[in-house]
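Each remark here refers to the structure printed beneath this line.
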Amino acid sequence: MDNELVERARWGDLKGQNWAGLVRLSFETEVDEGPATADDDATDNTDAKPVFRPMTGRDIKGRDEQEKDNRSFVESRGGRYVYTYEEPDTSAWKRKRVRLPNGEIGYRVVRPVFEGALEDLKRGTAPNGQRIDGLIVYDIDRLTRDNRHLEDAIEVVQNFGRPIIDITGSLDLLTDNGRTVARIVTATNNKQSADTARRVARKHRAMQQAGIPAGGRRPFGWKDDKRTLDPYEAKWLRKIVDWVLADRPISAIVHDLRRNGVRTTSGHEWSREGIKVVMRNPRICGYRSRQVIDIDPVTGMQNTRVEFVLDDKGKPVKGQWTPVVSVEKWEAVRELLGANPAPAPGHNTRKYLLRGTLRCDRDGCSTPLRVMKAPKSRNKPEGYFYYVCPSRGSAPSGCGGTKLAGPEADKVVSMMVIAKHQEEEAKRKAMPDVLTWDKAEELKRVQEDIDDLKSARRARTITAETYFAQLAEHEAEKRQLISERNKVQRRQAAAKSTAVDLAAEWDGLMLSEKRGYIEDMLLAVLVSPAVGRGKPVRERLEPVWRPKGEQAQDGSP
């Protein structure tokens, strides 16, 4: 019966058969053949964002048209059209990073609807419960542009006897010759997509080198042209920079922005992570940047960061927009926040103030404490809870020997954080006024020495040994000068910054904001087991403060 289905489909006889259709709406990038210039973006402001349009617009039809053509084709040959598999805005060529069945990381074209359709066809049953005998698409380009997926389709036809056909006649998987031609056509289509991607990447690089703003939503601080400053938003950007330089916790900055009704360009409230992304981006000091994705070869985790675009001389490319702050100020901010973000654990999603911060200190257990609601037999108020060390055999595995009253612990740690914050504010006020830095010429000279050294190496007038030895010496001197300059920048910002009265504002903060302050200032709080009865909660808690200048900017303890 299965072989008969393929043979009958080969001759166009679909009488008595049930067929499903695959409708794929793919919008590939289409760009001009020539290289991009700075003028390409002057009128339409598309920047580095490609224009998306159907790659073969004359042939690729809309969803309803494809389904109608599929249905008409099947019914005109005596078959029944019973189901439509829809793949909206799906690429049949672009690969994505995935974890393979063996646990390794690979790159594959991800099309769950297509793969599900093939599995259903093998079983002969559609998602709506109807029997299906074959699959129809508009043309071979709608089926796939990836040879791996083509072989999967061929397997269904050859090994399971289920026909896959198209309307235009460009796809023939029912004969040996047809399958060979399909492989050649798919490889050609794959090359066309690769050529398009290469042209898009080339245009991106050209725009980056010209300092043209990137595509997408306008950045906070600039108007819709992405070049002209928005006075209101630029003022807030400068405030944020000064607050960061003054060692103000990110959570306090978020609180001030929300309190003043300052929102992102998408209309959302600011978050800790959003502030860090904006502050790390060199756009605010006028440098063109690009996004880079690093993959950890061991874990397969990806980390997205922003870096300078460098010209052919290794210098940062200046963007075609007005900067908000000086390069020196931005470098000081980046030194505080760190150049690259680390994956955040999503601390603000927790419902209890100290979840993830308290750790068991019994015999060096160090397991994070969990939350346990008080049983009714304890006659505690509604919502009363305890922080407890999980018992052995649970995940994570703890000692099970530490338990702490939750509300009392929250209150004590809150008082610790408020007191520590007030102590740091007092220290900042007592710092001597070092508001000038007079080594700018010295830094300029060191940079010139580095440039001269690189030029000499390119001209092969010095040996590699001499070059690297002198380069290390000059770069160490440069780092020292920049570090001194950044310290002055931070003291200048601290002198102008208004202190936060955390004691007065604490009760009015949201839980996520309180957690932000706690994780900004504490690495952990160690909880010792209770000894006897009536031991105060305060005496069981040992705070582990985060070293100054090492705030939990990424939410990691």
Side-chain angles (χ1 to χ4, degrees), residues 249 251-252 254-255 258-259 269 271-272 344-422 500-546 552 555-557:
S251 302
V254 170
H255 179 62
R258 291 178 176 178
R259 183 178 56 189
E269 289 188 333
S271 65
R272 290 163 51 96
H347 56 277
N348 283 341
T349 61
R350 295 170 179 151
K351 298 180 181 180
Y352 296 90
L353 186 63
L354 302 180
R355 178 74 184 273
T357 300
L358 298 179
R359 290 181 177 268
C360 177
D361 196 33
R362 182 175 183 242
D363 298 329
C365 175
S366 298
T367 303
L369 300 192
R370 287 181 169 179
V371 173
M372 181 185 75
K373 293 184 178 180
K376 292 183 179 180
S377 59
R378 291 295 182 92
N379 295 321
K380 295 292 185 179
E382 182 70 23
Y384 196 88
F385 64 97
Y386 298 94
Y387 291 111
V388 299
C389 182
S391 59
R392 290 184 176 88
S394 60
S397 179
C399 66
T402 300
K403 182 178 179 182
L404 187 69
E408 288 86 340
D410 287 353
K411 183 177 180 180
V412 169
V413 173
S414 296
M415 294 174 63
M416 288 180 180
V417 169
I418 292 171
K420 184 69 172 179
H421 185 270
Q422 291 173 333
V500 178
D501 188 351
L502 196 57
E505 295 188 7
W506 187 261
D507 291 338
L509 297 179
M510 295 185 298
L511 176 64
S512 60
E513 293 170 331
K514 292 179 180 179
R515 285 190 55 81
Y517 272 106
I518 288 172
E519 294 187 8
D520 276 339
M521 302 177 70
L522 284 163
L523 286 169
V525 176
L526 303 181
V527 182
S528 64
V531 179
R533 292 182 174 273
K535 186 175 182 179
V537 170
R538 175 65 183 86
E539 294 182 14
R540 297 179 58 194
L541 302 179
E542 180 184 348
V544 182
W545 299 106
R546 193 174 295 277
S556 54

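Nothing here was measured: the structure is a model prediction, and the numbers come from that model.
Under the salt bridge (Lys or Arg N to Asp or Glu O under 4.0 Å) criterion, K514 pairs with no residue at all, not counting sequence neighbours. Applying the salt bridge (Lys or Arg N to Asp or Glu O under 4.0 Å) criterion to R378, with sequence neighbours excluded, gives no partner residue.
Heavy atoms only, all atoms of each residue included: L522 and R546 are closest at O-NH2, 3.4 Å. For the residue pair L354 and R515, the shortest heavy atom distance occurs at N-NH1, 3.9 Å. The two residues E505 and R259 come nearest to each other via the heavy atoms OE2-NH1, 3.2 Å.
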Would you be so kind as to tabulate the donor-acceptor pairs closer than 3.5 Å made by side chains of residues 399-417, with sequence neighbours excluded?
{"unit_1": "E408", "atom_1": "OE1", "unit_2": "Y384", "atom_2": "OH", "d": "2.9"}
{"unit_1": "E408", "atom_1": "OE2", "unit_2": "Y384", "atom_2": "OH", "d": "3.0"}
{"unit_1": "D410", "atom_1": "OD1", "unit_2": "Y387", "atom_2": "OH", "d": "2.8"}
{"unit_1": "S414", "atom_1": "OG", "unit_2": "D410", "atom_2": "O", "d": "2.7"}
{"unit_1": "S414", "atom_1": "OG", "unit_2": "W506", "atom_2": "NE1", "d": "3.4"}

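Among V525, T367, L526, V371, the single residue meeting the side chain to side chain contact (heavy atoms under 4.5 Å, CB included) criterion with L358 is V525.
Between the CD atom of Q422 and the CG atom of L502 there is a distance of 7.5 Å, given to the nearest 0.5 Å. Atom CE of M372 and atom SG of C389 lie 12.0 Å apart (nearest 0.5 Å). With rounding to the nearest 0.5 angstrom, the CD1 atom of I418 is 9.5 Å from the CE atom of M521.
Between the side chain of R540 and the backbone N or O of S528 there is at least one donor-acceptor pair closer than 3.5 Å.
Proximity of R359 to L369: side-chain heavy atoms (C-beta onward) are nowhere separated by under 4.5 Å.
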